[in-house]
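Let me begin by presenting the structure, written as C-alpha cells, before commenting on it.
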Amino acid sequence: MNKNSSNIMALAPKASNKRETVCIFGTGDFGRALGHKLIQSGYPIVFGSRSTQLSSLIPKGAEVLSHAEAAQKAAIIIIAMQRQHYDFLTPLEEILRGKVLVDVSNNLKINQYPESNAKYLAQLVPSTRVVKAFNTVSAWALQSGTLDASRQVFVCGDDMEAKQMVMDIVRAVGLTPLDQGSLSAAQEIENYPLQLFPMWKFPIFLSLGLTAFFFFYCLIRDIIYPYVYENKDYSFFLAISIPNRICPVVALILLALVYLPGVLAAIIQLYRGTKYSRFPDWLDKWMLCRKQLGLIALAFAFLHVFYTLVIPIRYYVRWRNEDGIITQALNNKTNPFSNTYGWLSDSYLALGILGFFLFVLLGITSLPSVSNNVNWREFRFVQSKLGYLTLILCTAHTLVYGGNRFLSPSSYRWYLPDAYILSLIVPCIVLVVKFVLISPYLDRQLTRIRQGWERNPQYSE
Amino acid sequence: MNKNSSNIMALAPKASNKRETVCIFGTGDFGRALGHKLIQSGYPIVFGSRSTQLSSLIPKGAEVLSHAEAAQKAAIIIIAMQRQHYDFLTPLEEILRGKVLVDVSNNLKINQYPESNAKYLAQLVPSTRVVKAFNTVSAWALQSGTLDASRQVFVCGDDMEAKQMVMDIVRAVGLTPLDQGSLSAAQEIENYPLQLFPMWKFPIFLSLGLTAFFFFYCLIRDIIYPYVYENKDYSFFLAISIPNRICPVVALILLALVYLPGVLAAIIQLYRGTKYSRFPDWLDKWMLCRKQLGLIALAFAFLHVFYTLVIPIRYYVRWRNEDGIITQALNNKTNPFSNTYGWLSDSYLALGILGFFLFVLLGITSLPSVSNNVNWREFRFVQSKLGYLTLILCTAHTLVYGGNRFLSPSSYRWYLPDAYILSLIVPCIVLVVKFVLISPYLDRQLTRIRQGWERNPQYSE
Amino acid sequence: MNKNSSNIMALAPKASNKRETVCIFGTGDFGRALGHKLIQSGYPIVFGSRSTQLSSLIPKGAEVLSHAEAAQKAAIIIIAMQRQHYDFLTPLEEILRGKVLVDVSNNLKINQYPESNAKYLAQLVPSTRVVKAFNTVSAWALQSGTLDASRQVFVCGDDMEAKQMVMDIVRAVGLTPLDQGSLSAAQEIENYPLQLFPMWKFPIFLSLGLTAFFFFYCLIRDIIYPYVYENKDYSFFLAISIPNRICPVVALILLALVYLPGVLAAIIQLYRGTKYSRFPDWLDKWMLCRKQLGLIALAFAFLHVFYTLVIPIRYYVRWRNEDGIITQALNNKTNPFSNTYGWLSDSYLALGILGFFLFVLLGITSLPSVSNNVNWREFRFVQSKLGYLTLILCTAHTLVYGGNRFLSPSSYRWYLPDAYILSLIVPCIVLVVKFVLISPYLDRQLTRIRQGWERNPQYSE
C-alpha cells in the first residue's frame, strides 16, 4: 500500500501504515455484510468457516479458511454466528489465546439467557478478550449503505485496549462507537435492539386511556343523549366532531401532566427542606418521560388544529349554515351582530393559535439536533418559561371557549358537564400551585434548597 | 505556553504540550482562511509563497517564507492551490521527502481529470505522504465561523499516521473528520462537493413527470372540456383547483411507490427461494431512494392540505355558496340533510387528517437526528408499520372521497375518468399484494428466507 | 475486572485494562453527580472533602478521604467547588504538583471576574496542569441521565496531554468533548452557559420593534379611524384581524432583510473591485444573524397562515357573510361572478401557499441535522436559489393581494396607506437590485472578484 514509508523519516516511532487483518467467523448474512464493508475500508479480511467452498457469496478480496487457520491470521476475530453455536470455539482456545473476540450477536427476546451472550463467550474461552459491538447494526443496513437509522455502535468490554481496537474498526466503517464500559454492560446492549420505544410506553398507554375515557364520555353526551331524547341520529359525529372534542381535551391534560411532576417535586423539596433525599420512584419515572408526554400532547394538538380547520368544509356544517341563513331570509329577519361574541370567538381562536405556535416551537426545540445546539440555560428557558406560557395560553383558550356557557344548566346532559370542563381541572391546579410557588417567599426558599441549603442538615461540610 | 511542564512528573512519557507548526503553500483565499483558523486553535503557521510581501492579508501571527524555507519548518504542508500549479513542487521533492502533504483542492466538474488531484499530487512527489482533506469546507465558512452546513471533513490517504495527524488538525478547528480509507477514495471525495442532491434526482424527475401528466390530464377534463361543451371559462382553476387535484394524486402515487419495491423484493425472494441472490439493479436503486420518494410525497401532501384548507376563503367558492343559498331562499325550499353525505364528507376528511398526521410523523422520524436516536427495530416499526398505515389511510381517504360517484357515467368526460381514480391503481395493487404476502403461509416462508433459509441451497454451512 | 489479562499475549506493549482513579474535590451536588456517573463508567473514584463523614449521599463505591490523601491517589483531580473556596488548594501545592486539575466551575454573571476561574486556578497552583471542562453540563442532567440538551463538553487547557486525559473521561461518561484550544478560551467557555440566545437578540428586538410599529399603525387605521369617522367599535379586531395584518407584513420585511446584506455585500465588492477588504462591522454581524432573521420570519409566516385559515370559523366573518347573503336574498338580486376576482383571489392564495411551502422547506434545511447532511453546493442552492424563490413568491403574493386596490384613494385613511404597501418596499428593492446584479455584465464582474480577481491589485502573487 505504501512502500515508500520505509525510507522516509517517520515523524512518530511506529508508522503503522497497513490496516491489520480482521478475521470473521461465520459466513452468514451479517458476517458477509460486515466483511464487505471492512474490505471497502481497507482491511484485509479472512473468513473462518466450516466449509471453505462458498466463494460466490463471499465479498471479493476476502479469503475463506478453516476456523483455526483464519484465527491465526488476525488479532481481532468477529464472531458472526448465533450463541447456540459458540461451543465450537472451545477446542480452538489455544489458537484464540489473547485475541480480541468481537461478539455481535443478538437474542430474540429481552433477557433470553441468564447472562449476556458476550459474557457467555468470555466464560467459554476465558483466555480471550471479549468485546461486545455491532449488534445494533443490521446486515441490511451495512450492505445497502443506507444507514438511515442510528449510526451509533455501542461497544463494551473489560479490556481497554481491545475495546480501542474495535472502536477503530467501527469508525473505519463510518459508524460512531460509543463506549459503554465494562462487559457487564453487554446485557443492556443486547437488549437495546429489541426494545420498542421503552420511554414511550407509559405516555402512550396513558393517552390511550384518556382517549378511551373521553370517547365514551362524548359518545354518551353527544350521540346517545340526543338519540334518546330528541331521536336524532348524530352517528356521523364519530368521524370528526367527537375526535375534535377528544383531541384538545387529551392534549391539554397531557400538557398539564408534563408540568405537574415539577410542581410536585418543588412541594416535596419545600416540605422536606432539602434536595438531597430521593424523590419517590413514580415521580422520578414520571419526570423522565415528560418529553414524551409533551410530544404526544403536541400530536393531539396537531390533530385538533386540523380537525378544527376543516370545519367549514364539512357537509354538515355547510348544510347547517345554509339552513340557518335560508330560515332567516324566509323569516325576513337577521340576527344582530354581538360585539361580545365577536370578542369571545376571535380571542379564543387567537389564544389557540398562539398556544399551538408555542407548542410547535417546544416540539422543534426537543429535536435532538436542536437541543444539542443550545446550552442548559437556553434549554431551560425554552422548556420551562415557554412551556408554562404554552400551558397558560392553552388553558385560557379552553376557558374562553367555554365563555359564558360554563354554568348554564343547558350544557349539562345527564348531569355530565361538557368534556372541556373536565379537561380544565389538572391545568388549573398546576397553574394555581405554580403561581403560589413563585410567590417571593416560597421562591426564595426553593432557590436556596436547590442551591444545596438544608433546613435540617444532617451532615456538615 | 506551559513552561512549568518541564519540572513536573509527567504522567505519560511524551508530554507534547505545543502544537506542531503547520505550513500552508499558497496565500489564496482558502489558504488564508485556514491559516487564520489554525492560528486561533493554537497552531504556529508558516505560509510558503512565491512572493513574501503580501503581509496585509496574511492572518496576524503567521510567517511568510519562500516555499522551500516554509516546508522545512513543518511536518505537515497544506497545498492550498489549484492542481494546475502543482508542478512547482517537483523541484522541492528533496525537502518534502517524508512530509505530509494535504491536498485540499477541488475541481470545477465531476471527474474532470482521469485521476484525482490527490493521486496526481502523490505521483508528482512520490516520497511524500499525501492526505486528502478539507475540500468540502469553503473558505467563506472557515472565515466567517458560521459553519451552518456540514462540519464533516472527509479525510483519506494511504498512510495511517499521516491521516491521523491531519484528522487532529481537523478536530482542532472544530470540524469532524471522517476517515474514508485509502487515497483511492479521493476521487469520490473530490466529486462530493460538486454533487447536487444525487439521491434526489430520480424522485424529483419522477414527480415532475407525474405532475406534468396529471396537469395536462386535468387541464383537458376540467378546463378545456367545459370550455368546449358548456362555453364556460374556468381558466382560474389553474391557480388552485387544478393543483389541488394534482397534489393529492401525485402524493398518493409516490407514497405507493415507496412501498412497491419492498413488495417486489418479497415476491422475488419468494420466487427464488433465497435471499442471497442480488436484486436487479433497478430495484436496488429504487430501494435506496425510497426515503426521498416519501419526502417528496409528503411535500405534495402538505400542499394538498393547504390548498384544501383555503377552499372556504376562495372568492369562487364563496360566490358559489352564496349563489346556491340565494337560489334556495328565492325558490323557498331547502335541501334536506342527508345522513349519508354527512358520513361520507366527515369520514373522508377524518381519514385525510389522520393520514396526513401519520405522514408528518414519518417525515419527522426520517430527520437524521431523530432516526439516530432510535434503534433498528423502532425505525422499522415506524417506517414499515406506520408507513403502511399511512398508505391505507390515504388510499381510504381517496376511496371515500370518490364515494358513490365512482361508476357514475357523468364523471367521465371524453371517456377520461377523474384523476383520483387513476391515482388509486398503484396503491391498491401494493395493498392487495401486501395483504396476500402477510397471509400466514407466505409470511412464514418469507420469514424463513429472510433468516437465511434457502429452498435450493447451493452451498452448505 | 479482567484477571485473565496477565497471562495473555498482549498485542501492544501496555495493556492498560483498568481505568485510572479519578479524584473529586468537593462533595456538593455536581461532584457527587459526576462521581456517580464516573463509577458507572468504571472509574475508581475518591472524594476529597473536609469532612469524611457524609457517606449517605456519596455514590456507592466511592471513597471519601481528606483532600491531601485523596489527591495522592489520582492523577486527575476534579475541583467541584466554587471559585471562592479555591485558596484552600495553595497549601496542597506540593501534593498537586504535575497533576491535572479540572476546573468545572461556573460564575453567576458574564465576565464576573477579570480572569477566568480556570486561569485563576492555574495561577493559584502553577505547578499543576489545569483543564477547563464539564461546566456546560448540569448536575441534574448528569444525575438523571436525561441529557436532553447538549451533550457537548467544551474542553480547553494549555497542556495537550492533560486535555486528552480529560477528554477521555468526557467520552467515557457518554458526552462529546470539543477541544477549544488553550486555557485562554476558558473565559468564553465559562460565559457560554450564562448566555441566552446571543445570536437571536438583534433579530428578536428588530422583529419586536417592527411588530410594535405596525401594531400602532394598524390600530390607528383599522380601529381608531372607523371609531372616529363611522363610530363603529371594531376593538375585537385586536384578537385576529390586526395580528393577521402585522404577521405577514413583518414576515415579508424580515425575509427581505435576510437577503439585503448579501446584495449590499455584492455592491460593496463591485465598488471596491476586490473581495479582500473587510466588510463594515454592522454588515458582518448582519450576515451572521441571517439564519435567525429567517427563522423568525418563518414564525410570523406560520402565525399568518393559521390566522388566515381560521377566518371562515370566526363569528364576525360568518355573521358578515350571512348578513350579505340575506340582504341579497331579500333584495332579490345576486352579485354576478367576476372572472377577474376569481383569478386574483385564487392566485394570491396559491402564491401564498407555495411561498409558505418553500419557507417551511428552508426552515427544515436549517435544522442542524439536515444541514449537516448536505454539502456546501447543496446548502447554497437551497438557501440562495430557493430562498430567492421564496422571497419572489411572497412578494408576488402581497402584490396580487393588493390587486387593483393599490392606488384606489379609498384605501388611504388619514393619508396612511395599507400596511401591506409599506411591507413591499424592502422586498421590492432587494429583488430589483438582485435582478440588476445578475445581469450578465455585473454577474461576470462579481464572479471574477469572488474568485480572487482584484481591479487594483496591491500585491502580486
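The figures here come from the full heavy-atom set of this structure, side chains too, leaving out hydrogens, waters and symmetry mates.
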> Tell me, side chain or backbone of A:Tyr316 under 4.5 Å from chain B's heavy atoms, or both, or neither?
Replying inline: both

> Between B:Val305 and chain A, which part of the residue has a heavy atom less than 4.5 Å away: side chain, backbone, both or neither?
Replying inline: side chain

>> For B:Leu309 versus A:Ile313, what's the shortest heavy-atom pair and its separation?
In response: CA-CD1, 4.4 Å

> Any idea which of B:Leu183, B:Ile311, B:Asn339 has the most non-hydrogen atom pairs under 4.5 angstrom with chain A?
Replying inline: B:Asn339

> What's the spacing between A:Trp319 CH2 and B:Asn335 CG if we round to 0.5 Å?
Replying inline: 10.0 Å

>> I want to know whether A:Phe306 and B:Phe356 have ring centres closer than 6.0 Å.
In response: yes

>> List the residues meeting salt bridge (charged side-chain N to carboxylate O under 4.0 Å, His left out) with A:Lys232, not counting sequence neighbours, and say none if there are none.
In response: A:Glu230

> What closest approach, in Å, do A:Ile326 and B:Ala329 show between heavy atoms, and which atom pair accounts for it?
Replying inline: CG2-CA, 4.3 Å

> Is it the backbone or the side chain of B:Thr308 that comes under 4.5 Å from a heavy atom of chain A, or both, or neither?
Replying inline: both

>> For A:Asp323, which atoms come within 4.5 Å of any heavy atom of chain B: side chain, backbone, both, or neither?
In response: side chain

> Using non-hydrogen atoms only, which part of A:Thr327 is less than 4.5 Å away from chain B: side chain, backbone, both, or neither?
Replying inline: neither

> Which word best sums up how the rings of B:Phe337 and A:Tyr315 line up, parallel for under 30°, tilted for 30 to 60°, or perpendicular for over 60°?
Replying inline: parallel

>> Can you confirm whether B:Arg318 is buried at CZ, in the sense that more than 12 heavy atoms of other residues, nucleotides or ligands lie under 6.0 Å from that atom?
In response: yes

>> Applying a heavy-atom distance below 4.5 Å, give me the residues of residues 341-351 of chain B that approach chain A, sorted by number.
In response: B:Tyr341, B:Gly342, B:Trp343, B:Ser345, B:Asp346, B:Ser347, B:Leu349, B:Ala350

>> Counting only non-hydrogen atoms closer than 4.5 Å, does B:Ser338 touch chain A with its backbone (N, CA, C, O), its side chain (CB onward), both, or neither?
In response: both

> Tell me, side chain or backbone of A:Ile325 under 4.5 Å from chain B's heavy atoms, or both, or neither?
Replying inline: side chain

> Once the angle between the rings of A:Phe197 and B:Phe381 is folded into 0 to 90°, is it parallel (under 30°), tilted (30 to 60°) or perpendicular (over 60°)?
Replying inline: perpendicular

>> If you count heavy-atom pairs within less than 4.5 Å of chain A, which of B:Lys163, B:Gln383, B:Gln328 leads?
In response: B:Gln328

>> If you count every heavy atom of other residues, nucleotides or ligands that lies below 6.0 Å from B:Glu188 atom CD, does the total exceed 12?
In response: no

> In terms of heavy-atom pairs under 4.5 Å with chain B, which of A:Leu194, A:Leu367, A:Leu238 leads?
Replying inline: A:Leu194

> Does atom CD of B:Gln123 have more than 12 heavy-atom neighbours, drawn from other residues, nucleotides or ligands, at distances under 6.0 Å?
Replying inline: yes

>> Heavy-atom pairs under 4.5 Å with chain B - which of A:Pro243, A:Ser241, A:Ala299 has more of them than the others?
In response: A:Ala299

> What option among A:Asn321, A:Leu303, A:Val370 has the most heavy-atom pairs under 4.5 Å with chain B?
Replying inline: A:Leu303

